[in-house]
Structures are given as structure tokens and as C-alpha cells.
Amino acid sequence: MKWLLALTLSIAAPVAAAEPPILLRPAQVFDGVDPKPHPGWEVLIEGGKIVSVGPKLTAPAGARTIDLPGQTLMPGMIEGHGHLFLHPYNETSWDDQVLHEPLALRTAQAVAQARATLMAGFTSERDLGTEGAGYADVGLRQAIDQGVVPGPRMSVATRAIVALGAYGPKGFEPGVAIPQGAEEVSGIDDMVRAVRSQIAAGADVVKLYADYRWGPGEPSRATLSLAEITAATEAAHDAGRTVAVHASTAEGMRRAIAAGVDTIEHGYGGTPEIFKAMAAKGITLCPTLAAADAVARYRGWTGTGTVPQGVFDSWKAFHFARAAGVPICMGGDVGVFAHGDNAREMELMAEQEMPAAEVLIAATSGNARAFHLDGKVGAVKAGLLADLIAVDGDPTRDVAAVRDVTMVIKGGVVEKAFTEPKRTPAVDGVVDVILKRTFTGTPRPAAAEPEKPRKR
């Protein structure tokens, strides 16, 4: 009888109408792989995937055509280092978010912040820890996947893992258990247990803290041993998960490299030798320039005058990494600053002389490759998921164009409908000339690599 009831229900249930094919006609396509855009290319999507890409495509019967004049169509961007369960530290301190904000409040904030991320053109995000919100990111990922709430495709790290006593919040009566921003471990067996339990609970990526500050006012020091990081990496890789490691000291980075992790986050204390070792193993750096910049501004820096040491260290590490040939992730540690402002990291990468097209590649196919998503997203290529955005102008010349997202498509569904930018008649002629030059001119040469980070 059970099978008969199931059959009856399946017959009676309404079937959602299939989305018609969509033919997109932008001024040009940036495919996420080739640094040069392709003027005149079009993209056909159907069934949630990209069907064909190229010039003068023929729309099938019943297809919907969307003209995108003056727009660049490109892959949906991938945020490489975010924390949807955090909000800017100048609103509420990290300690107070972890200790005093109810989980329901933090989840509601994460829902709103997921939508802001998607509307900013980021159709995927690697979310590297809930910072005290447990496994709530797993539930948020499920809600997004089920269409309950809008947001990016999420790869989540759940609780993340730290050495016992090394993280925070701190400063309370010794011996009193205080809620922590990550799961504490001590020893190899405990580490493997934590890795496996987080994966079982839904983690897509394992996040470790190789170093941190043992006490207030102290510098960061290596916390997890090489043996602990190695054991975690082996357990994660056995389960088909990648490993992301917070490391801001040379020793923490050295241990992470020796363990064979997949990405290193921050890397502010890296030396040329450390970055050469990273490059030799193909380990990706997520430089998080925007996090250092944001923290400095919260402390009063205005972007001029003497550059704070933390900001300078982030610039220096970025240049060392690029000179060594380290693969670069685009990830800003969003949550330290506002979600939806993800492009801030891209602008800072460009300010530090990374050519705009390389920044775009890092945010699309580069991140997809680093996170093992390159068979699904990150490029405008037939067979991949139809995660696409339109931006006004040419971001391969000026990366700030990604702030003007005029359309968002995720999985073939239009999440943000195209609205043609309004231009006043007085400047229409000028804009037309700019667009004509943008889409037909010769790309400007990339700036030469400086020996030292330049100061703003």
C-alpha cells in the first residue's frame, strides 16, 4: 500500500514548469579564464546550465532573449574567505558577537548577509567558520539550496578547529568554561576526532588555526603542532575535503606547508622562502588584504599618512607571494567588514598592482580551481552551472566595475533582473565613446611588478 500511496501522491503533486532557455546578448563576455574579454559573444543557458557560448548564437524556439547593452557578462564571482555569521567589528566587537548575540539573531543576520552577498554578484562562497555559532552554517546552506532563502552556493567549515587554550574569547576567571569561537583540540587523536565529527555534521572544508595569540597583547605564535596539522589534513583528504589554515606567522605557515594543506589564509608573516615553498606544493594563498585594511580603519587610519604595520605586512606578503608564483585566492575575510562589500578585496589587490584581469580570474576560475569546484562553476563554459552576472562597463580594465552588478543569474534562475543603467543625455555621447573604446580597444599593459609594496 505504501508504494501505491507514494505513486498517487507523485501523480497528484503539481509539476513546476521548466524554465525556458535564455539567450544572453551582452556587449562582451569575460569567460573567467582568458584575461581578454570576447566582444560579440553570446551565452545560451537551459536547464540550469550553460549550453553554448560564442558569437551569433541561434536562440531555440521558445527561448527568452535578454539584451545587455554596454554590459560585460562574466561568471558569478566566488568569495574565498567569508564569515556570514559575523558582521563588521565596528558595529559589535568579535567577543560580544560570540558571547552575547543569541544564535537566532546571528542566524537572521546571516540570512540577510547571504542575500547581500548574492546581490553583489557573488554566487558562491567558502565560509570559513561560524565563530561560535556551531553548525548553523550547515542549516543556512540547506536553506539556500532548497530555495527557502536567497544566497550564494556555500562551502562551509562549521566550527573550525583551534589548539586548546589558544583562541577566544579570553580574559575571564581561570577555570571557568567560556564559549569559544572554534572547537578546541589537544593532541593527534583529539584532532582527528574533531575533523571527522565536523565532516559528519556537514563540513565541506576543514578550517584549522595554525597560530594565534596565547594572551592579550602577545604576538601570534604557532599553536598546533606539525603532527596535529598533518593528521587533520590526512583525515580531511581521506574524506574528500579540502583544508584551509589560518596562519600569519612564518612558523605556522611552514608547518601548514609541510602538512600539505590546500590553502593558507592571511600569511602576513610569510617570507620569500616560505612563499617559494608554498608555490612548489601548489598551495593557494588567500591574502585577505581587506581585513587588515578594515581593522586599521576601525582604529583611526584614514588611508593616508603612515601605513599601519598590519596593513603594510599584508601588502608585503601579497607581493612576496606573487613574485614566488603562489596561486592567489580572492577572499577578503568578509564579516570583518560588511557583506555585500566583497569587491573591496578585489580593489585592494588591484591597488597592489595585480592586473584587473588577474584579479577577476582569481575571483572566478582561480577560486573554483583552489576549492575543487572547477567542474561546476567559475567559468563561462558549456556544461558548467549557469552562475552568471552582468556588470556595467569593462572590469578587465577597471576592476571597480564589479561593484555595478546589473544582473545576477544562479543556476539558470534570474535572481536579480537586468535594469539598464540610467545615463543623462548630457553624458550619453561621452559614455558611448568610452564604451566603444572599452570594448574595441587594445588592453593596456599590466604594470611591472614592484620590488616593495607601494604606499597609498
Side-chain angles (χ1 to χ4, degrees), residues 30-35 50 74-84 114 117-118 120-129 137 141 144 151-157 204-207 241-246 261-267 278-279 282-291 318 321-322 325-335 339-350 352 354-381 384-389 391 395-396 399 402 405 408 410-411:
F30 170 72
D31 66 8
V33 179
D34 188 343
I50 299 170
M74 59 179 282
M77 294 179 287
I78 303 169
E79 174 53 59
H81 188 134
H83 296 277
L84 284 171
T117 301
L118 180 63
F122 290 80
T123 53
S124 297
E125 173 163 330
R126 186 178 64 151
D127 202 74
L128 290 182
D137 54 351
R141 182 190 64 198
I144 292 170
R153 302 179 191 278
M154 290 181 64
S155 297
V156 302
D204 303 299
V205 53
V206 172
K207 167 78 175 293
R241 268 61 175 183
T242 56
V243 179
V245 175
H246 165 114
V261 306
D262 298 286
T263 70
I264 290 178
E265 316 302 305
H266 314 302
M278 278 185 71
I283 297 171
T284 298
L285 174 71
C286 202
T288 63
L289 302 177
F318 183 66
R322 290 194 63 222
V326 174
I328 301 295
C329 155
M330 198 302 294
D333 207 351
V334 194
H339 299 274
D341 191 25
N342 307 62
R344 181 174 184 170
E345 178 77 6
M346 300 173 73
E347 291 172 331
L348 291 172
M349 293 165 76
Q352 289 305 311
M354 189 174 195
E358 291 185 25
V359 175
L360 295 174
I361 290 171
T364 53
S365 64
N367 275 0
R369 184 168 52 254
F371 309 153
H372 299 182
L373 301 173
D374 44 329
K376 297 180 180 179
V377 296
V380 183
K381 178 182 177 184
L384 298 191
L385 294 171
D387 288 5
L388 302 163
I389 64 171
V391 302
T396 67
V399 78
V402 300
V405 175
V408 176
K410 179 187 164 196

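Keep in mind the model is a prediction, meaning the values are calculated, not measured.
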From [X] [atom1] over to [Y] [atom2], what is the distance, rounded to the nearest 0.5 angstrom?
X: L373; Y: L385; atom1: CG; atom2: CG; result: 10.0 Å
X: L118; Y: R153; atom1: CG; atom2: CZ; result: 10.0 Å
X: D31; Y: K381; atom1: CG; atom2: NZ; result: 10.0 Å
X: I144; Y: T117; atom1: CD1; atom2: OG1; result: 8.5 Å
X: F122; Y: N342; atom1: CZ; atom2: CG; result: 4.5 Å
X: T123; Y: K410; atom1: OG1; atom2: NZ; result: 8.0 Å

Taking the side chain as C-beta and beyond, is there a heavy-atom pair between [X] and [Y] under 4.5 Å?
X: M346; Y: V402; result: yes
X: I50; Y: L388; result: yes
X: M278; Y: L285; result: yes
X: D137; Y: L84; result: no
X: I328; Y: M349; result: yes
X: M77; Y: I389; result: yes

Using 4.0 Å as the upper bound for N to carboxylate O, is an ion pair formed by [Y] and [X]?
X: R322; Y: E358; answer: yes
X: D204; Y: R126; answer: no
X: R141; Y: E125; answer: no

Residues two or more places apart in sequence or in another chain: which of them pass side chain to side chain contact (heavy atoms under 4.5 Å, CB included) with D262? H237, T242, V243, H372
Please check if any side-chain donor atom of H81 sits under 3.5 Å from a side-chain acceptor atom of T288, or the reverse. no
Going by distance alone, is a donor N or O of one side chain under 3.5 Å from an acceptor N or O of the other, for E265 and H246? no
Restricting to non-hydrogen atoms, name the atom on [X] and the atom on [Y] that form the minimum distance, rounded to 0.1 Å.
X: E345; Y: A290; value: OE1-N, 2.6 Å
X: L384; Y: G375; value: CD2-O, 3.3 Å
X: P327; Y: G282; value: CG-O, 4.3 Å
X: V261; Y: I283; value: O-CG1, 3.3 Å
X: P395; Y: A356; value: O-CB, 3.5 Å
X: G340; Y: A120; value: O-CB, 3.5 Å

Checking M354 against V399 for the side-chain contact (heavy atoms from CB on, under 4.5 Å) test, could you report, in this order, the C-alpha distance in whole Å, the side-chain angles of both residues, the deciding distance, and whether it holds? CA-CA 10 Å; M354 189 174 195; V399 78; over 6 Å; no
Step by step, would you call C329 with T284 a side-chain contact (heavy atoms from CB on, under 4.5 Å)? CA-CA 6 Å; C329 155; T284 298; 3.6 Å; yes
Quick check against the 3.5 Å criterion: does E79 have a side-chain atom that pairs as donor or acceptor with the backbone of D127? no
Check: L128 main-chain N/O paired with K207 side-chain donor or acceptor under 3.5 Å: yes
Would you be so kind as to tabulate the donor-acceptor pairs closer than 3.5 Å made by side chains of residues 362-371, with sequence neighbours excluded?
unit_1: T364; atom_1: OG1; unit_2: L360; atom_2: O; d: 2.7
unit_1: T364; atom_1: OG1; unit_2: I361; atom_2: O; d: 3.4
unit_1: S365; atom_1: OG; unit_2: G32; atom_2: O; d: 2.5
unit_1: N367; atom_1: OD1; unit_2: M330; atom_2: N; d: 3.1
unit_1: N367; atom_1: ND2; unit_2: I78; atom_2: O; d: 2.8
unit_1: N367; atom_1: ND2; unit_2: M330; atom_2: O; d: 2.9

H339-H83 aromatic ring centre distance below 6.0 Å: no
